[in-house]
Amino acid sequence: MSTPTQQATPVTVSIDEREGDLCINGTHSPLDAPGMDAQREQAVSRLRLLARLQRTAFTVTISGSGDTTMLDIDRQGVVTDTTPVEETPADTAIQETAPDDDTDDLLDAIADTAAPTGADAPAVRPEAATRRFGRRRVIVAFIAAGTLLLTAAGVLASRWYVSGRHDAAFTSCQRASKDLAASRNALRRSLTDSAAASRIDTGQVRDPATVTALRQARSQADLGGAPECATRMDTAQLTALAGKLTALAATADGRSSAIGVAADAVVASRDAKALADAKTSLANAVKAAQGTLDSSHGKVADNATRVKLQQAIDAANKVLDDKGVKTAKRYQDAQSSLAGPVKGVNDSVAAKAAADKTAADKAAADAAAAQAQAPSSSGSSSSSPSKRRSQTSGSGSSSSGSSTRRGTSGSTGSGSSGSSGGAPSWSVPGAGSDEGNIGGSDPGL
């Protein structure tokens, strides 16, 4: 005898582009398939499985985007679309029916206990058939209980899956936020490290474009603010925010690297100019030192100073010819080594000039002293002839020896004051007389 047909369990399904919902007797289960069609198939697939496992029929109402679909799912998982349509009743699908659980169990028990045909068939024992039917009912009860447990586990697993996706998205968002913070710190360090290079102006570098590039890179260091991850956000929002934070971190890393490269370029350009300037300065110093060496030939008090200067010039030229010089200090040291020898040569030239002047002044002083002594001796020897000329005249003349010399030189000085236009009262000295030597002791006159 069969039992009454079991009532179908009503099920409501709500589908949405982002996430759907499956509700059975007040128990909700999310549908996380992407898209409404995929969620519809996911809901029907779950209900067909439950119908076969639980031997339960379902009346399903699926709603979404303004459309409603009605389905019947029997205990074998057969799906029938019962959505009303405006057609003749003849076109309506005929629902299939199936015997209930009690009928199936009874029929199976009867079939198992039925006697086989033939002469050797054993006798039928109704008690065995009854016991077998009872065992089958126990097995069916256990299967039903297991099905319920599996269903509950499936619902819990689905919820755990959704929660796990949210937790994973939140963790990913937090990790991206930490990465962005680290990138911002690196960017700030790049600004600090490049501060000294940013103070170098275009006049200090070989390529002024490097200074412009550094200033532009530093001006782009500000990334602005960024939102924070929050547990109230759904999975999609957290995933989108994590992507945005990751992109900002990459931008910060790129700008930090650009600042470092630009700062290094400025420093390298400055060093290149300093190296070139130092080399030019050394070349000019060598040229000047060579001029000092050439002009001091034969004019130094100590020739060893010129030897030292020549050695310093040779060493400086070697530095100029060296292609491996990488720092300006090498040229500066070589230039500094020229200063001492150049000063030594100049000091030696000055010492010799001073000695020569001292010797010349002494010679001139000696000559002047000799000339000063010669007139005094010749003056004393020429005074006797004058007296003789005065005595010879016998006229009581008042003329002195000096008036006699003026007359020798052709002057018309008068004789004695007592003469009255006669011949002069003095006689011309004869040849070989000392009186004719005008000028005293100067043999050049």
Side-chain angles (χ1 to χ4, degrees), residues 189-221 255-361:
R189 285 194 299 270
S190 296
L191 288 174
T192 301
D193 295 341
S194 64
S198 66
R199 290 190 289 269
I200 299 174
D201 58 30
T202 55
Q204 297 175 270
V205 297
R206 173 176 285 184
D207 184 7
T210 58
V211 176
T212 303
L214 176 59
R215 291 173 180 173
Q216 183 177 2
R218 285 173 59 87
S219 67
Q220 296 176 349
R255 293 181 181 180
S256 177
S257 177
I259 291 174
V261 171
D264 291 343
V266 169
V267 173
S269 184
R270 179 200 61 188
D271 293 344
K273 185 178 187 303
L275 185 67
D277 292 347
K279 185 175 183 180
T280 301
S281 180
L282 176 59
N284 293 335
V286 169
K287 183 178 180 181
Q290 187 65 49
T292 300
L293 182 65
D294 295 340
S295 63
S296 64
H297 180 68
K299 298 180 181 180
V300 293
D302 183 6
N303 195 59
T305 57
R306 299 184 71 254
V307 174
K308 291 182 179 179
L309 178 57
Q310 182 64 64
Q311 293 173 347
I313 291 174
D314 293 341
N317 281 325
K318 287 182 180 180
V319 175
L320 288 173
D321 294 337
D322 188 359
K323 304 299 182 183
V325 178
K326 301 298 182 182
T327 61
K329 189 176 184 301
R330 181 100 179 266
Y331 292 125
Q332 293 167 354
D333 291 344
Q335 183 174 347
S336 298
S337 67
L338 291 173
V342 169
K343 184 178 183 301
V345 170
N346 289 333
D347 291 346
S348 185
V349 170
K352 186 176 187 306
D356 291 346
K357 184 177 183 303
T358 301
D361 291 345

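Rounding to the nearest 0.5 angstrom, the gap separating the CG atom in Leu275 from the CD atom in Gln332 is 9.5 Å. Distance CG/Leu191 to CZ/Arg218: 5.5 Å, rounded to 0.5 Å. Going from atom NE2 of His297 over to atom CG of Asn303 covers 8.5 Å, rounded to the nearest 0.5 Å. Rounded to the nearest 0.5 angstrom, Asp264 CG and Ile259 CD1 are separated by 12.0 Å. Interatomic distance, CZ of Arg215 versus OG of Ser194, reported as 12.5 Å (0.5 Å rounding).
Residues passing the side-chain contact (heavy atoms from CB on, under 4.5 Å) test with Ala213: none are found, sequence neighbours excluded. Residues satisfying the side-chain contact (heavy atoms from CB on, under 4.5 Å) criterion with Lys352, sequence neighbours excluded, are Ala301, Asp356. Residues that satisfy the salt bridge (charged side-chain N to carboxylate O under 4.0 Å, His left out) test with Lys357, not counting sequence neighbours, are Asp361. Shown here are the side-chain contact (heavy atoms from CB on, under 4.5 Å) partners of Ala339, two or more places apart in sequence or in another chain: there are none. With sequence neighbours left out, the side-chain contact (heavy atoms from CB on, under 4.5 Å) criterion links Gln311 to Val307. Take Asp322 and apply the salt bridge (charged side-chain N to carboxylate O under 4.0 Å, His left out) test, not counting sequence neighbours, and it matches Arg330. Qualifying side chain to side chain donor-acceptor pair (under 3.5 Å) partners for Asn317, counting only residues two or more places apart in sequence or in other chains: none. The salt bridge (charged side-chain N to carboxylate O under 4.0 Å, His left out) test applied to Lys308 returns no partner, not counting sequence neighbours. Among residues two or more places apart in sequence or in another chain, the side chain to side chain donor-acceptor pair (under 3.5 Å) test is passed with Ser257 by none. Not counting sequence neighbours, Asp302 has no partner by the salt bridge (charged side-chain N to carboxylate O under 4.0 Å, His left out) test.
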Listed pairs under 3.5 Å, donor-acceptor, residues 286-293 side chains, sequence neighbours left out:
{"from": "Gln290", "atom 1": "NE2", "to": "Asp294", "atom 2": "OD1", "distance (Å)": "3.1"}
{"from": "Thr292", "atom 1": "OG1", "to": "Ala288", "atom 2": "O", "distance (Å)": "3.2"}

Which donor-acceptor pairs under 3.5 Å do the side chains of residues 265-273 make with protein atoms, sequence neighbours left out?
{"from": "Ser269", "atom 1": "OG", "to": "Arg206", "atom 2": "N", "distance (Å)": "2.9"}
{"from": "Ser269", "atom 1": "OG", "to": "Asp207", "atom 2": "N", "distance (Å)": "2.8"}
{"from": "Lys273", "atom 1": "NZ", "to": "Asp277", "atom 2": "OD2", "distance (Å)": "2.9"}

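Considering all non-hydrogen atoms of both residues, Leu282 and Leu338 come closest at CD1-CD1, 4.4 Å. Here the shortest heavy-atom pairing between Ala283 and Leu320 reads CA-CD1, 3.9 Å.
Counting heavy atoms of neighbouring residues, nucleotides and ligands inside a 6.0 Å radius, atom CD of Gln216 does not exceed 12 of them.
Salt bridge annotation for Asp314-Lys318: absent, with no cationic side-chain nitrogen under 4.0 angstrom from a carboxylate oxygen.
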Please report the C-alpha distance between Gln204 and Asp201 in whole Å, then the side-chain angles of each, then the deciding distance to 0.1 Å, and finally whether the side-chain contact (heavy atoms from CB on, under 4.5 Å) criterion is met. CA-CA 6 Å; Gln204 297 175 270; Asp201 58 30; 3.1 Å; yes

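No donor-acceptor pair under 3.5 Å is formed between the side chain of Ser348 and the backbone N or O of Gly344. Put simply, the side chain of Arg306 never gets that close to the backbone of Val345: no donor and acceptor are under 3.5 Å apart.
Side chains of Val205 and Val211 form a contact here, defined as non-hydrogen atoms less than 4.5 Å apart.
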